[in-house]
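Written below as structure tokens is the structure these notes are about.
All chains are named by letter (A, B, ...) in the order of the sequence lines, taking the proteins before the strands, and each is independently numbered beginning at 1.
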Protein chains: 2
Amino acid sequence: MAATMADVARVARVSKKTVSNYFNGYRYMTADTRSRIEAAIVELNYKLNLSARSLSSGRTGTIALAIPEIAHPYFAELAEAVVSAAQRRGMSVVVEVTAGQHDQELSVLRGTRGRSVDGLIAHPIALGASDIDSATVDIPVVLVGDRVHSGPFDFVTVANEQGAYDMTRFLFEHGRRRIVALGMEESPVPTAAAQRFDGFRRAHHDAGVEMVPELLVGPIPWNRLSGAEAIARAIDAGLEFDAVFGLNDAIALGAMAELQRQGLTIPGDIAVAGFDDVEEAALAFPPLTTVDSGREWIAETAVNRLVELIEVGASEEVPTVTVASHSVKYRASV
Amino acid sequence: MAATMADVARVARVSKKTVSNYFNGYRYMTADTRSRIEAAIVELNYKLNLSARSLSSGRTGTIALAIPEIAHPYFAELAEAVVSAAQRRGMSVVVEVTAGQHDQELSVLRGTRGRSVDGLIAHPIALGASDIDSATVDIPVVLVGDRVHSGPFDFVTVANEQGAYDMTRFLFEHGRRRIVALGMEESPVPTAAAQRFDGFRRAHHDAGVEMVPELLVGPIPWNRLSGAEAIARAIDAGLEFDAVFGLNDAIALGAMAELQRQGLTIPGDIAVAGFDDVEEAALAFPPLTTVDSGREWIAETAVNRLVELIEVGASEEVPTVTVASHSVKYRASV
DNA sequence: ATGAAAGCGCTAACAC
DNA sequence: GTGTTAGCGCTTTCAT
């Protein structure tokens with residue numbers, strides 16, 4: 001039978017309350033009391049029963065992270081950052097995989113799934129603004145990701161438009177003028193692809209550079225293979241270009257590999273740039289110039305904000321929308 | 001104030017016990033009772049309090065997964081598989097990141113960290129057999145990974161030696177004789193690198209093919225960049241070879257990219273093979289021949305075994321050691 | 001600075 | 001099939 005707090009109290013010759021104080025960081029306690037408690041804990045190999053604590057306190061010390069998948073560099077790195085940030089605040093993270101399914105994302109937001117947790121960080125990709133408006137959940141929620149929703153939740157998002165703008169200008173500054181945009185999408189819905197493409201377009205406009213329609217490639221899946229295939233098609237079609245901007249790193253990496261396969265040098269013949277700064281970008285050859293979209297910062301901000309909401313209780317304030325700071329990571333591919 | 005089970009019982013005009021039965025899938029219940037309960041649940045927007053259930057039942061419905069990192073293709077895919085398998089069994093997963101640190105891996109095994117969970121799946125990489133022997137934990141544990149330990153825990157492991165053996169033979173069958181082994185390590189400790197190299201060596205022996213010492217490269221970090229660098233050095237050194245066996249996919253992928261950069265064709269000039277079958281292997285160009293090390297199967301087996309241990313209670317039986325089935329995924333790189 | 005007692009909301013015997 | 005009762009192990013007033 002596992003020891004209970006009452007056992008510890010008995011062995012330490014104090015009351016249960018004092019032992020509870022010990023575990024909750026109560027400051028005023030004689031050194032003697034403290035050490036008797038510690039001795040008792042060791043002697044009995046006592047472990048706090050967190051279910052009981054949760055029942056009693058109404059807190060679980062756990063938050064949920066709902067993402068479409070784990071085995072995708074961006075989400076894996078995001079998850080890692082969230083887990084670290086949560087760990088620093090003394091919280092555990094249960095990971096829920098939604099597979100990007102509308103119904104699963106919705107049920108997570110509705111709290112139908114998942115264990116009892118104190119709060120939720122979700123990265124929806126299939127939910128429309130109306131779904132989010134309609135979602136009612138009884139715990140604090142912070143949304144993370146690409147789209148800006150108008151819903152009732154706090155939001156921490158990527159500077160898609162500005163990041164793409166900065167990168168495009170950066171390419172201009174390096175003398176590039178005919179840039180292939182790989183993975184673009186024109187859509188009224190502010191998807192990441194649409195927002196990034198908006199930035200690309202605005203940079204052209206501001207710099208007075210014409211966009212070449214043939215060089216605008218998309219929509220295509222945002223993975224390495226389609227990046228490689230798309231750039232191969234561009235070459236086959238005899239298009240002339242001096243740079244490739246992959247709207248995420250996977251596309252850029254795939255394109256870069258294909259360009260090299262075809263005997264082109266980077267950045268000698270063609271400059272290549274990506275977006276996200278996944279870990280592999282820095283390890284590629286040549287290291288990929290990309291936009292650091294602030295994954296770490298997003299994770300940390302989302303966790304901090306969530307903990308704040310949990311601690312003060314969901315306030316009536318208008319939800320905050322935070323845009324992560326971003327930066328161009330200049331590496332040898334440009 | 002959130003509704004409790006007593007409220008539901010009152011509204012449905014039944015006892016608490018009956019409502020509890022409803023939530024626990026008790027089969028014998030009149031349709032009328034059932035529907036009254038369901039109506040009450042909806043009316044009150046009632047949610048089961050999992051903390052209370054845990055306290056009362058001694059079960060949390062959650063397992064912990066302790067891995068060195070999430071943002072690594074292999075672990076990300078493993079984590080995803082574990083989460084899916086657990087989901088299928090109605091369990092949630094809290095992910096603990098140990099950073100491959102000895103003390104963190106130990107504290108996870110000792111239950112010092114982490115929330116209260118029903119069981120633990122851990123993939124230690126820094127722990128020796130003695131650490132594992134000494135670890136005592138009060139919940140069921142299933143260990144997963146590369147090394148075979150003698151500890152008191154169940155183990156689900158990768159067929160490192162046999163997988164490497166099969167792949168090496170496969171390369172022989174395709175006429176390759178001078179195979180670069182990238183990432184090998186000779187070590188008394190049965191690390192993945194050592195085990196895979198053992199298989200490589202045994203295949204040579206069985207086939208009566210001499211191993212060429214210059215072609216045995218390692219230890220090197222198991223990532224893409226070091227794969228690329230290592231094969232570049234081999235070429236610079238003027239070594240002759242007709243195949244490259246990267247002891248994991250990252251190395252193989254890096255090497256493959258570098259070979260192509262240098263103008264070699266794959267598999268025309270050089271065959272390339274990897275190990276692990278991470279998702280990207282199939283998406284590479286050309287698609288990478290690799291050993292499917294059974295990640296999905298490992299995850300599923302570990303979860304099933306853990307749930308079994310949780311349900312029957314840690315039995316006194318000798319811990320089982322299970323080796324995942326593996327297979328050579330034949331793709332265009334050979 | 002420490003103690004006593006009353007729940008938190010559920011499950012599990014056992015009765016009916 | 002359904003109801004009664006007694007905890008599970010903690011936190012939290014309220015005393016002292």
Anything under 3.5 Å between a donor and an acceptor, one on a side chain of residues 63-74 of chain A, the other on a protein residue two or more places apart or in another chain? List them.
unit_1	atom_1	unit_2	atom_2	d
H72(A)	ND1	Y74(A)	N	3.1

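- Rounded to whole Å, atom C1' of dT11(D) lies 12 Å from atom CZ of R59(A).
- Distance CZ (R36(B)) to P (dT2(D)): 8 Å, rounded to an integer number of Å.
- Under the rule for a ring pair (Phe, Tyr, Trp, His ring centres under 6.0 Å), the partners of Y46(B) that lie at least two apart in sequence or sit in another chain are F23(B).
- Note: CZ (R13(A)) to C1' (dA1(C)) measures 16 Å, nearest angstrom.
- For the pair L55(B) and M29(B), both in contact range of DNA chain D, the more 5′-proximal nearest nucleotide belongs to M29(B).
- The two residues V303(B) and R89(B) have their closest heavy-atom pair at CG1-CG, 4.1 Å.
- Of the candidates dG9(C), dG3(C), dT2(D), dG9(C) carries the atom nearest the N49(B) side chain, counting heavy atoms from C-beta on.
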Generate the contact string for nucleotides 11-16 of chain C. Rules: B means base contact, S means sugar-phosphate contact only, - means no protein heavy atom under 4.0 Å. BBB---

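- Atom P of nucleotide dT2(C) and atom OH of Y22(A) are separated by 14 Å, given to the nearest angstrom.
- At distances below 3.5 Å, not a single donor-acceptor pair connects side-chain atoms of E296(A) with backbone N or O atoms of A81(A).
- The nearest whole Å value for the distance from the CG atom in L50(B) to the C1' atom in dC8(C) is 15 Å.
- Not one N or O on the side chain of S56(A) forms a donor-acceptor pair closer than 3.5 Å with the backbone of R53(A).
- Between the T62(A) side chain and the V93(A) main chain, no donor and acceptor come within less than 3.5 Å of each other.
- When heavy atoms are screened at a 4.0 angstrom cut-off, S51(B) is found touching no nucleic acid atom at all.
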